[in-house]
Amino acid sequence: FAYETHFGRYRDSFVQLHWDARDSPLVTEAQIAKMKRDYGEDGPEYRINVLGLPPVDDPSAMIPRTWLVAAVDRWKADKDETWKDYPVIAAFDPGGGGTDESAYLSRQGKRVRRTQGTSEANATVLGDWCFQQMLQDDVDRLYVDNVGLGGPMLDYMKKDAPRWGFNPSAIRAADVRKVATNPKYARMRDQAWWAVRQWFQDDLAQIPDDSKLRNELGSIKTKDPNTKGQTMVESKEQMRARGMPSPNRGDALMMTMFAPESALAEAKRASDGYEEYDEDDNQNMRISWMGR
């Protein structure tokens, strides 16, 4: 928000005040020289504490701001071409209503097609809302957060899928609490979030200019490894402790990483009946790009 008030979309609504320590009579040349010697002129410490400018990127961010901006630019330039032949993978993160938004996201390959949110609290209406989103995107596979509210929602959607023209096998659980299939990570949530990060780091991700999605992806932070040396990601509880809302749309993108994308794409090319293709969870991770 501070960045947006000075350099972004809120700039016209604020008076920008800026101090450069080099121009201050209260800061000595020796202090400036020490900052330069200790951190270098190109480091974030010098940029923030001497020049009075925001960091280019937060070094603790899972997905730095510059990566997000580049992903939006790629989305605008691509015009649905690069990933158009890939299966449509979607995810649904049911919320509690009100300020706890329920989030839906669909993607093809590494291009996020669309995101949507609702404050609907009625479980049946919410499930039907998700089916409507799936019809709009012609979804091939949906992953539902089955923790808490998502458990009954998953059961309802699998039961009601035929009424909406979907095979129940196309609706799967995304259990982020499971032990990761890759021993480098602690839980599936950690493994999936780092797969998302890899997209952006490889300059392949494409995301629409959705401020909620962009801000949520940029808000989650990395975390020190656990006692086993496994890579971890900041938890929702830790985010709430520092005043950050739940990254619902970001979590929806993370959950789509449960898809065995390469297997689904092969089945889609081979037969119109690919929705019947089934596999166990461990196999999913071995044959998908995420499990490499």
Pair R163-D128, salt bridge (charged side-chain N to carboxylate O under 4.0 Å, His left out): steps then yes or no: CA-CA 10 Å; R163 183 168 70 89; D128 290 348; 3.5 Å; yes
Residues R107, T256; criterion side-chain hydrogen bond (donor to acceptor under 3.5 Å, both in side chains); working and verdict: CA-CA 8 Å; R107 68 171 174 89; T256 67; 2.8 Å; yes
Derivation and outcome, side-chain contact (heavy atoms from CB on, under 4.5 Å), residues Q238 and K223: CA-CA 10 Å; Q238 290 169 325; K223 186 179 174 182; 3.5 Å; yes
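Between K212 and E101 there is a salt bridge, since at least one side-chain N of the basic residue sits less than 4.0 Å from a carboxylate O of the acidic one. Ion pairing of E29 with R22 is absent here, as no side-chain N (NZ or NE/NH1/NH2) approaches a carboxylate O to less than 4.0 Å. The pair D251-K236 counts as a salt bridge, with a side-chain nitrogen and a carboxylate oxygen less than 4.0 angstrom apart. A salt bridge between D78 and R74 is absent, with no side-chain N of the basic residue lying under 4.0 Å from a carboxylate O of the acidic one.
The side-chain contact (heavy atoms from CB on, under 4.5 Å) with I207 is formed by just one residue from the set V72, D73, T115; it is V72. The residue from M62, E234, M239 that alone fulfils the side-chain contact (heavy atoms from CB on, under 4.5 Å) condition with S219 is M239.
Applying the ring-ring contact (aromatic ring centres under 6.0 Å, His included) test to F131 and every residue at least two apart in sequence or in another chain returns W164.
Using a 4.5 Å heavy-atom threshold, the side chains of Y143 and M257 count as separate. Looking at heavy atoms from C-beta onward, T231 lies in side-chain contact with Y185 at the 4.5 angstrom threshold. By the 4.5 Å heavy-atom criterion applied to side chains, I220 and W193 are counted as neighbours.
Grouped by direct or indirect side-chain proximity (heavy atoms under 4.5 Å, Ile/Leu/Val/Met/Phe/Trp/Tyr only), L17 sits with V15, W19.
Following chains of ILVMFWY side-chain contacts shorter than 4.5 Å, one can reach I32 starting from M35, so the two form part of one hydrophobic cluster.
Around atom CD of E81, more than 12 heavy atoms belonging to other residues, nucleotides or ligands sit under 6.0 Å away.
Checked by atom type and distance alone, the side chain of Q191 pairs as donor or acceptor with a backbone atom of N182 at under 3.5 Å.
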